[in-house]
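The structure appears right after this line, and notes come after that.
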There are 2 protein chains.
Amino acid sequence: MALSRRAIVEAGLGILDAYGLGDLSMRRVADVLGVQAGALYYHVPNKQSLLAALGDEILSEVSDPRPDEPVADWLVEWAATLRKVLLARRDAAELVASSLALGLGAVDPAASGRERLTMEGVEQPEATMAALLHFVLGHVVEEQTRAQMHSLGVLADFDAAGSEASFGWGLGLIVRGVKQTVPTTP
Amino acid sequence: MALSRRAIVEAGLGILDAYGLGDLSMRRVADVLGVQAGALYYHVPNKQSLLAALGDEILSEVSDPRPDEPVADWLVEWAATLRKVLLARRDAAELVASSLALGLGAVDPAASGRERLTMEGVEQPEATMAALLHFVLGHVVEEQTRAQMHSLGVLADFDAAGSEASFGWGLGLIVRGVKQTVPTTP
DNA sequence: ACCTGAACACCGTTCAAGT
DNA sequence: ACCTGAACACCGTTCAAGT
């Protein structure tokens with residue numbers, strides 16, 4: 001099988017799932033593909049861009065809620081879906097958070113939300129979605145880190161249900177705040 | 001000057017300010033102190049704990065707002081102070097965010113806020129402060145990254161005023177949400 | 001065009017040996 | 001007790017040389 005950008009991304013995802021972000025090195029990706037590390041640089045400019053590509057791959061699994069949902073419900077569903085997608089893959093939240101912070105990555109998970117808020121006449125759609133996104137990423141990074149530490153035996157008990165409840169509460173807080181600036185909704 | 005934990009932390013802060021988190025290596029800290037890298041491990045168990053100590057040092061500069069402020073104002077002031085402290089030091093937001101996510105670090109920046117919310121009879125003080133903290137950290141990490149990219153000439157324009165306004169908006173969103181669960185306040 | 005081999009300039013951490 | 005010297009097992013990235 002000839003080396004390609006696609007194969008590199010796929011190998012990266014495999015290592016991410018199996019060993020985590022900390023063990024995802026260019027040399028390891030090359031090993032999996034049976035190739036020298038330097039060969040990767042013919043298809044990918046550097047490690048950061050590979051990580052951004054992995055982030056895009058993960059974020060592409062996020063599907064938008066149905067557009068006929070009321071805005072508040074739409075936002076809650078969007079956040080829950082994003083959380084689920086991130087939790088599904090090892091260290092995905094950390095990977096996506098840093099990729100987005102660096103402005104790399106072609107997929108903008110908040111884009112459809114901004115559109116929806118604009119349609120709805122909500123003020124500051126950009127700042128609103130940024131706040132929501134920061135909350136989701138921060139929460140899931142912590143959630144995922146704690147879950148992993150628990151599975152490694154470092155952390156004694158991890159309350160998954162409590163963590164989800166906490167997510168729901170924070171989400172409700174923000175969405176309640178948004179609701180007060182929606183012109184049409186009661 | 002004899003090597004000590006204090007001296008190591010101070011050297012670490014110096015490197016953080018001068019070269020940033022990416023260039024903060026144990027070997028570099030040792031160089032600054034005129035010592036072999038291995039010597040550090042007599043005073044500090046590993047790099048992560050040193051980073052946690054640096055995070056604690058930074059967070060210790062956060063002062064609580066006056067207790068006679070109304071809760072909503074108290075929260076806004078707290079978040080603004082935390083943001084200012086993080087912005088004051090290079091890569092501080094990223095450092096603190098990862099240190100907190102890993103559960104290292106002795107300083108809990110949300111502790112006083114949880115107390116205040118509990119006093120006030122607000123529901124879910126833990127989840128509320130977690131949401132607020134995640135928002136602040138996420139926002140400032142992005143802010144600090146963009147500011148740095150701008151100063152490096154990678155990012156064309158960085159709107160500092162817009163960034164602050166966006167922070168204020170997101171903060172207001174969350175605090176408005178909290179207000180609705182405060183029993184006493186109108 | 002695409003990959004190898006080998007190098008460059010680094011890492012964090014450990015540990016026998018010295019003082 | 002505290003530090004050196006040297007090693008171990010890695011990194012990301014570059015680049016002449018081969019095919």
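Letters go in sequence order (proteins before strands), and every chain restarts at 1.
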Output the rounded distance in Å from CG (B:N46) to C1' (C:dG12). 9 Å
Connected hydrophobic set around A:L102, excluding itself, where side chains approach under 4.5 Å: A:L104
B:P109 side chain reached by B:L100 side chain, heavy atoms, under 4.5 Å: yes
Nearest-nucleotide wise, let me know which of B:S4 and A:S25 is further upstream toward the 5' end of DNA chain D. B:S4
Between P on C:dC11 and CZ on B:R28, what's the gap in Å once rounded to a whole number? 7 Å
Side-chain touch A:P125/A:V122, heavy atoms, less than 4.5 angstrom: no
The ring-ring contact (aromatic ring centres under 6.0 Å, His included) partners of B:H139 (sequence neighbours excluded) come to A:H134, B:F135, B:F167
Checking contacts here: which listed nucleotide (C:dC11, D:dT4, D:dG12) is nearest the side-chain heavy atoms of B:Q36? D:dT4
Indicate the atoms forming the closest heavy-atom contact of A:D23 with A:R28, along with that distance. O-CD, 2.9 Å
Any residue meeting side chain to side chain donor-acceptor pair (under 3.5 Å) with A:T145, in chain and number order, not counting sequence neighbours: none
Applying the Watson-Crick and G-U criteria (both distances under 3.5 angstrom) with [ ] for crossing and | for other-strand pairs, one obtains for DNA chain D ||.|||||...|||||.||
Does a side-chain N or O of A:Y42 approach OP1 or OP2 of C:dC2 to a distance below 4.0 Å, or not? yes
Expressed in whole Å, how much space separates the C1' atoms belonging to C:dC2 and D:dA16? 14 Å
If a protein heavy atom is under 4.0 Å from the base, mark B; if only from the sugar-phosphate, S; if neither, -; do that for nucleotides 14-19 of chain C going 5' to 3'. B-----
List for me each residue that meets side chain to side chain donor-acceptor pair (under 3.5 Å) alongside B:S99, sequence neighbours excluded, and say none if there are none. none
Does A:H43 have a side-chain nitrogen or oxygen under 4.0 Å from the phosphate oxygens OP1 or OP2 of C:dC3? yes
May I have the distance from A:Q48 (atom CD) to D:dC11 (atom P), rounded to whole angstrom? 17 Å
Under the salt bridge (Lys or Arg N to Asp or Glu O under 4.0 Å) rule, what pairs show up with a residue in residues 38-51 of chain A, not counting sequence neighbours? none
Send over the distance from B:I8 CD1 to D:dC2 P, rounded to a whole Å. 11 Å
Pairwise ring pair (Phe, Tyr, Trp, His ring centres under 6.0 Å) hits with a residue in residues 16-61 of chain B, at least two apart: none
What residues 10-21 of chain B contributes to the DNA chain C interface at heavy-atom separation below 4.0 Å is none
Using atom C1' of each nucleotide, how far apart are D:dC15 and C:dC3 to the nearest Å? 12 Å
For B:M149, what are the other residues in its hydrophobic cluster, where any two members join if their side-chain heavy atoms are less than 4.5 angstrom apart? B:L152, B:V154, B:L155
When rounded to whole Å, the CG to C1' distance for the pair A:L40 and C:dG5 reads 15 Å
Spacing between B:K47 atom NZ and C:dG12 atom P, to the nearest angstrom: 4 Å
Between side-chain atoms of residues 49-62 of chain B and protein atoms elsewhere (two or more places apart, or another chain), which donor-acceptor pairs fall under 3.5 Å?
| from | atom 1 | to | atom 2 | distance (Å) |
| --- | --- | --- | --- | --- |
| B:S49 | OG | B:N46 | O | 3.1 |
| B:D56 | OD1 | B:A106 | N | 3.1 |
| B:D56 | OD1 | B:V107 | N | 3.1 |
| B:D56 | OD2 | B:A106 | N | 2.8 |
| B:E57 | OE1 | B:R6 | NH2 | 3.1 |
| B:E57 | OE2 | B:R6 | NH2 | 2.7 |
| B:S60 | OG | B:E57 | O | 2.7 |

Kindly write out the residues that satisfy side chain to side chain donor-acceptor pair (under 3.5 Å) with B:D31, not counting sequence neighbours, or none if the list is empty. none
Can you tell me the distance, in whole Å, between the CZ atom of B:R27 and the P atom of C:dG12? 7 Å
Whole-Å distance between D:dT4 P and B:M26 CE? 14 Å
